[in-house]
Amino acid sequence: RRSIRTRLTLWYTGLLTLTLILLGSVTYGLMVNSLSRDIDTTLEKIAGVLSQQARREASAFFPGTVDEIFRRFFGVSPLDRYFEMRDPRGQRDPRLQRPSNPSLPLSPEAQANATRGLPTWETIEGLGDYPVRLFTQPVMQSGHLVNLIQVGFSLQSYYETRRHFLRILALVFPIALLLAGGGGWLL
């Protein structure tokens, strides 16, 4: 039979383990949700600024202008950021493309949504080492589709932030259990 001290310490440590797992899971989920919302909101704002400029003058879009808009929202221009402007049929405007960036895909769903004036969010693979979050924004004038704007950037920092957070939890969790279990044993 175990002593009361051992049983109380095990009970307390087990309860604390469950509490830490629950707290860590909820915190991780909230952080991932917040990061995802921030990414989507930022891309939507960038597309909104570009859409307003496209309504005024489509030729205003050159790589320098797009870089400045990304800098305004991110503080710096992300290295793996993507931008394309397309005509209503989905054809790329070659004047506005950077040769170093691969062509962004335009899914049938995004094309169909754009003709109805609806934006589309997608996460796509194959453009780099990490997935790319892509936002397709229709540019409408008098109820007609005149252009499509696609903006996106690599999710590398998103995945690195998640991994870093999990490493911190993996380090703090056992230390907290050892300290709490040792303190419970002494008490």
Side-chain angles (χ1 to χ4, degrees), residues 1-51 66-84 98 100-102 104-107 109-110 113 118-137 149-187:
R1 294 184 52 160
R2 294 185 179 141
S3 69
I4 291 178
R5 170 186 264 188
T6 303
R7 283 186 283 164
L8 283 175
T9 301
L10 289 175
W11 184 84
Y12 172 73
T13 304
L15 187 60
L16 182 63
T17 300
L18 290 175
T19 303
L20 288 177
I21 288 172
L22 179 64
L23 182 63
S25 298
V26 168
T27 303
Y28 178 75
L30 290 173
M31 183 208 58
V32 166
N33 187 35
S34 177
L35 286 173
S36 297
R37 267 197 333 263
D38 288 348
I39 289 168
D40 288 351
T41 300
T42 301
L43 285 174
E44 189 173 10
K45 286 180 182 178
I46 290 169
V49 169
L50 294 172
S51 178
V66 175
D67 283 340
E68 182 57 38
I69 292 169
F70 269 91
R71 263 189 228 91
R72 184 183 333 158
F73 287 99
F74 285 105
V76 296
S77 184
L79 293 176
D80 292 336
R81 53 105 186 103
Y82 303 90
F83 166 78
E84 284 190 352
R98 285 188 168 207
S100 61
N101 276 355
L104 293 171
L106 180 62
S107 68
E109 177 190 2
N113 284 345
L118 302 172
T120 305
W121 297 101
E122 298 171 294
T123 301
I124 57 173
E125 308 256 350
L127 293 177
D129 294 336
Y130 290 88
V132 171
R133 186 67 173 160
L134 181 63
F135 181 65
T136 304
Q137 171 74 43
I149 293 176
Q150 290 183 293
V151 292
F153 68 92
S154 171
L155 293 176
Q156 179 178 357
S157 63
Y158 169 77
Y159 286 110
E160 287 175 355
T161 301
R162 286 175 45 182
R163 275 193 302 272
H164 183 67
F165 186 79
L166 287 174
R167 275 189 224 120
I168 290 171
L169 283 180
L171 178 68
V172 170
F173 186 77
I175 293 171
L177 284 179
L178 285 173
L179 291 174
W185 179 262
L186 290 175
L187 284 174

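If you're wondering where the values come from, they're calculated on a predicted model, not measured in any experiment.
- No more than 12 heavy atoms of other residues, nucleotides or ligands shown are found within 6.0 angstrom of CD1 on I4.
- Taking all atoms of both residues into account, the shortest heavy-atom contact from L20 to A176 is CD1-CB, 4.0 Å.
- The local environment of CG in N33 is crowded, with over 12 non-hydrogen atoms from other residues, nucleotides or ligands closer than 6.0 Å.
- Residues V32 and F165 fail the side-chain proximity criterion, which asks for heavy atoms closer than 4.5 Å.
- Heavy-atom minimum distance, S157 versus T161: O-OG1, 2.7 Å.
- To the nearest 0.5 Å, atoms CZ (R37) and CD (E44) are separated by 13.0 Å.
- Between I21 and S25 the shortest side-chain heavy-atom distance falls below 4.5 Å.
- Of the inter-residue distances, the one linking Q150 atom CD with L104 atom CG reads 5.0 Å to the nearest 0.5 angstrom.
- The shortest side-chain heavy-atom distance between L50 and F83 falls under the 4.5 Å cut-off.
- Side-chain contact between T17 and F173: present, with at least one pair of heavy atoms (C-beta onward) separated by less than 4.5 Å.
- Put simply, the side chain of S34 never gets that close to the backbone of L30: no donor and acceptor are under 3.5 Å apart.
- Taking OG of S36 as the reference point, atom CZ of R162 lies at 7.5 Å (rounded to 0.5 Å).
- Contact record, I124 with L134: CD1-CD2, 4.0 Å, taken as the closest heavy-atom pair.
- Residues T13 and L177 come closest through the heavy atom pair O-CD2, 4.0 Å.
- The aromatic rings of F135 and W121 sit tilted, their planes meeting at an angle between 30° and 60°.
- Contact record, P119 with Q137: CB-OE1, 4.1 Å, taken as the closest heavy-atom pair.
- For the atom pair S51 OG and K45 NZ, the distance stands at 15.5 Å (nearest 0.5 Å).
- Between the OG1 atom of T19 and the OH atom of Y12 there is a distance of 9.0 Å, given to the nearest 0.5 Å.
- Annotation: side chain of R7 is not in contact with side chain of W11 (no heavy-atom distance under 4.5 Å).
- Contact record, Y82 with L127: OH-O, 3.7 Å, taken as the closest heavy-atom pair.
- Taken from CD1 in I168 to OG1 in T27, the straight-line distance is 12.0 Å, to the nearest 0.5 Å.
- At a threshold of 4.5 Å between non-hydrogen side-chain atoms, the residues Y158 and P131 do not count as touching.
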